[in-house]
Number of protein chains: 2
Amino acid sequence: MRADAQRNIDALLEAAKTVFATSGVDAPVREIAEMAGVGVGTVYRHFPQRADLVAAVFRREILACADAAPVLAAEHGPGEALALWMQRFAAFIATKRGLATALYSGDPAFESLPAYFEAHLVPALEGLLAAAVAAGEVRDDVGTSELMNAVGGLCMQAQKDKPGQSDRMVALLIDGLRYGAGRSSGKP
Amino acid sequence: MRADAQRNIDALLEAAKTVFATSGVDAPVREIAEMAGVGVGTVYRHFPQRADLVAAVFRREILACADAAPVLAAEHGPGEALALWMQRFAAFIATKRGLATALYSGDPAFESLPAYFEAHLVPALEGLLAAAVAAGEVRDDVGTSELMNAVGGLCMQAQKDKPGQSDRMVALLIDGLRYGAGRSSGKP
DNA sequence: CACTTATACGGAACATTGTTCCGTTTAGCA
DNA sequence: TGCTAAACGGAACAATGTTCCGTATAAGTG
């Protein structure tokens with residue numbers, strides 16, 4: 001692959017990420033092309049359909065989010081790493097206005113995203129959660145998928161309201177996890 | 001209001017209902033105008049925004065569905081009326097590809113729809129369900145909203161698959177209601 | 001019934017946006 | 001340095017929401 005092609009792909013993904021976070025995933029292709037400093041022809045050369053670019057950005061950010069897990073685990077204690085990652089995950093969701101709609105649109109370009117989610121994010125959380133449970137820092141009666149869905153739903157709802165609400169809600173959830181630390185189930 | 005104006009509004013709502021059921025709520029305005037036998041200018045005279053037409057069709061069909069409840073209740077026994085209405089409700093959802101997406105789009109034109117739902121459909125089901133419970137034809141431990149959401153979710157999922165699946169699934173749900181008739185809760 | 005006018009109508013024209021096409025430029029190589 | 005396949009840019013096309021305005025007409029009025 002030619003060096004300029006790779007450069008442009010990177011620039012496009014970066015620009016798209018920014019534009020999507022600002023204007024939602026429905027932003028015009030031209031706007032993304034302009035911010036990346038390329039022509040629309042270049043966009044379509046690398047991403048035959050608009051949706052392919054959207055999916056590529058999602059995949060890239062899912063990976064980035066998943067990759068943060070081992071780093072956080074290495075730099076912090078198990079409970080702290082779990083908390084930080086959940087905030088990181090919440091921040092990821094927050095920049096995805098229109099994600100749910102896109103996922104349910106039936107567009108084939110998005111078909112692989114749920115699997116990508118499952119393949120990368122669930123294991124990432126799984127590891128952090130298991131470590132935190134093993135360290136006795138959080139309760140052990142909450143499932144990984146359950147927790148992910150909770151955070152996801154929380155952020156989707158919170159998007160409509162004031163910014164910062166997601167953070168507080170997720171923090172609340174984390175405190176809930178810590179509250180029953182070392183217990184099997186039931187209220188303390 | 002001039003007679004031709006009212007006539008065109010009716011024709012537009014009817015045409016839109018048909019087109020939405022066939023092509024989804026994203027169908028072009030021109031297509032609806034043509035089927036109604038009017039120009040696009042007429043559409044926008046009565047519905048300033050495309051979304052207003054969509055919302056009007058939804059409201060109209062919600063009303064029609066709610067109005068069917070007392071009719072069914074008068075013509076059939078309580079259990080049968082409940083079953084028929086649930087099928088009717090399922091049929092309504094089935095013609096609404098894109099409803100969920102529209103509802104979550106954030107468009108102000110759709111903001112009032114959930115309230116409309118709550119104000120008309122929930123009471124309609126409430127009455128039928130209560131009557132059927134009172135007659136001892138169905139179990140009494142299922143809530144109205146719960147049941148509506150179940151049917152709604154069922155149909156949303158079933159839309160992607162073979163036609164007729166919704167009907168069978170709803171029928172299954174109804175049999176489930178009947179199975180525990182006269183009991184308070186728990187499995188038989 | 002003829003006349004008048006406010007109302008409504010139709011569809012061409014405009015604006016936005018996804019997508020395609022092709023003449024021009026350039027990276028990588030011999 | 002010169003060649004060529006790959007990549008680029010942006011004009012042009014297509015689809016669709018929306019606006020505008022000249023024309024037609026419903027419904028009063030004399």
Side-chain angles (χ1 to χ4, degrees), chain A residues 1-58 97-99 101-102 105-111, chain B residues 1-58 97-99 101-102 105-111:
Chain A
M1 162 157 311
R2 257 168 63 166
D4 56 349
Q6 186 60 59
R7 243 192 340 264
N8 281 332
I9 288 177
D10 289 345
L12 274 171
L13 289 173
E14 201 57 35
K17 174 182 137 186
T18 304
V19 172
F20 289 163
T22 307
S23 315
V25 295
D26 289 331
V29 172
R30 285 166 178 75
E31 187 180 336
I32 299 166
E34 186 178 14
M35 169 160 290
V38 305
V40 283
T42 302
V43 178
Y44 281 89
R45 159 165 298 264
H46 298 300
F47 305 97
Q49 310 263 333
R50 208 196 107 80
D52 295 325
L53 172 58
V54 177
V57 172
F58 282 174
R97 208 182 340 150
L99 181 147
T101 302
S105 69
D107 192 312
F110 298 128
E111 269 174 10
Chain B
M1 161 157 311
R2 256 168 64 166
D4 55 349
Q6 185 61 58
R7 241 190 343 262
N8 281 332
I9 288 177
D10 289 344
L12 273 171
L13 288 173
E14 201 58 35
K17 174 182 135 186
T18 304
V19 171
F20 290 163
T22 307
S23 315
V25 295
D26 289 331
V29 172
R30 285 165 177 76
E31 186 180 338
I32 299 166
E34 186 179 12
M35 170 161 289
V38 305
V40 283
T42 302
V43 179
Y44 281 90
R45 159 164 296 266
H46 298 300
F47 305 97
Q49 308 262 337
R50 208 197 109 78
D52 295 324
L53 172 58
V54 177
V57 171
F58 281 174
R97 208 182 340 150
L99 181 146
T101 302
S105 69
D107 191 311
F110 298 128
E111 268 174 12

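Residue numbering restarts at 1 for every chain, and letters A, B, ... go by the order of the sequence lines.
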Checklist entry - Given atom CE of A/Met1 and atom C1' of C/dA27, what is their separation to the nearest angstrom? => result 13 Å
Checklist outcome for this item: On a heavy-atom basis, the closest approach of B/Ala55 and B/Phe110 is N-CE2, 3.9 Å
Checklist entry - Could you state the CZ-C1' distance from B/Arg7 to C/dA8, rounded to the nearest angstrom? => result 11 Å
Next on the checklist: Base, sugar-phosphate or nothing for A/Ala51? Non-hydrogen atoms, less than 4.0 Å.
Outcome noted: nothing
Next on the checklist: Below the 4.0 Å mark, does D/dA7 have OP1 or OP2 next to a side-chain nitrogen or oxygen of A/His46?
Outcome noted: no
Item to check | Whole-Å gap separating P (D/dG10) and CD (A/Glu34) | outcome: 10 Å
Checklist entry - Toward the 5' end of DNA chain C, which comes first, B/Asp4 or A/Ala3, by nearest nucleotide? => result B/Asp4
Checklist outcome for this item: Atom CG of A/Asp26 and atom C1' of D/dG17 are separated, to the nearest Å, by 15 Å
Item to check | Side-chain donor/acceptor of B/Asn8 to backbone N/O of B/Ala5, under 3.5 Å | outcome: no
Checklist outcome for this item: Closest to the side chain of A/Arg30, out of D/dA26, D/dA12, D/dC8, is D/dA12
Checklist entry - Closer than 4.0 Å, any side-chain N/O of B/Gln49 to the OP1 or OP2 of D/dT18? => result yes
Checklist entry - Counting any heavy atom closer than 4.0 Å, what does B/Arg45 reach on the DNA or RNA strands: base, sugar-phosphate only, or nothing? => result base
Item to check | Integer-rounded Å distance: D/dA15 P and B/Arg50 CZ | outcome: 17 Å
Donor-acceptor pairs under 3.5 angstrom involving side-chain atoms of residues 28-43 of chain B: please list them, not counting sequence neighbours.
none

Next on the checklist: For a quick check of understanding: with a heavy-atom distance under 4.0 Å over all strands, which category does A/Val40 fall into, base, sugar-phosphate or nothing?
Outcome noted: base
Checklist outcome for this item: Heavy-atom nearest pair, B/Val25 first then B/Phe58, reads CG1-CZ, 3.9 Å
Checklist entry - Would A/Leu12 and A/Phe47 satisfy side-chain contact (heavy atoms from CB on, under 4.5 Å), going step by step from the backbone distance to the final call? => result CA-CA 10 Å; A/Leu12 274 171; A/Phe47 305 97; 4.1 Å; yes
Checklist outcome for this item: So CG of A/Leu13 and NE2 of A/His46: to nearest 0.5 Å the spacing works out to 10.0 Å
Item to check | Degree of bending in the helix from C/dC1-D/dG30 to C/dA30-D/dT1 once both end axes are built from five pairs, to 10° | outcome: 10°
Item to check | Below 4.0 Å: OP1/OP2 of D/dA7 and any side-chain N or O of A/Asn8 | outcome: no
Checklist entry - What distance separates B/Met1 CE from B/Arg7 CZ, expressed to the nearest 0.5 Å? => result 12.0 Å
Next on the checklist: Tell me the interatomic distance from B/Gln6, atom CD, to D/dA27, atom P, rounded to whole angstroms.
Outcome noted: 11 Å
Checklist entry - Tell me: CZ of B/Phe47 to C1' of C/dC9, nearest whole Å? => result 15 Å
Next on the checklist: With a cut-off of less than 4.0 Å, is there a side-chain N or O of A/Arg2 near OP1 or OP2 of D/dA6?
Outcome noted: no
Checklist entry - From the list D/dC8, D/dG9, D/dG17, which nucleotide is the closest neighbour of the side chain of A/Val38? => result D/dG9
Item to check | A/Gln49 side, atom CD; A/Asp107 side, atom CG - distance, nearest 0.5 Å | outcome: 7.5 Å
Checklist entry - Any side-chain N or O of A/Thr42 less than 4.0 Å from the OP1 or OP2 oxygen of D/dG9? => result yes
Item to check | Interatomic distance, A/Asp107 CG vs C/dG18 P [rounded to whole Å] | outcome: 13 Å
Item to check | A/Pro28, nearest nucleotide to its side chain (from C/dT19, C/dT17, D/dG17) | outcome: C/dT17
Checklist entry - When you check the phosphate oxygens OP1 and OP2 of D/dT18, does a side-chain N or O of B/Tyr44 lie under 4.0 Å from one of them? => result yes
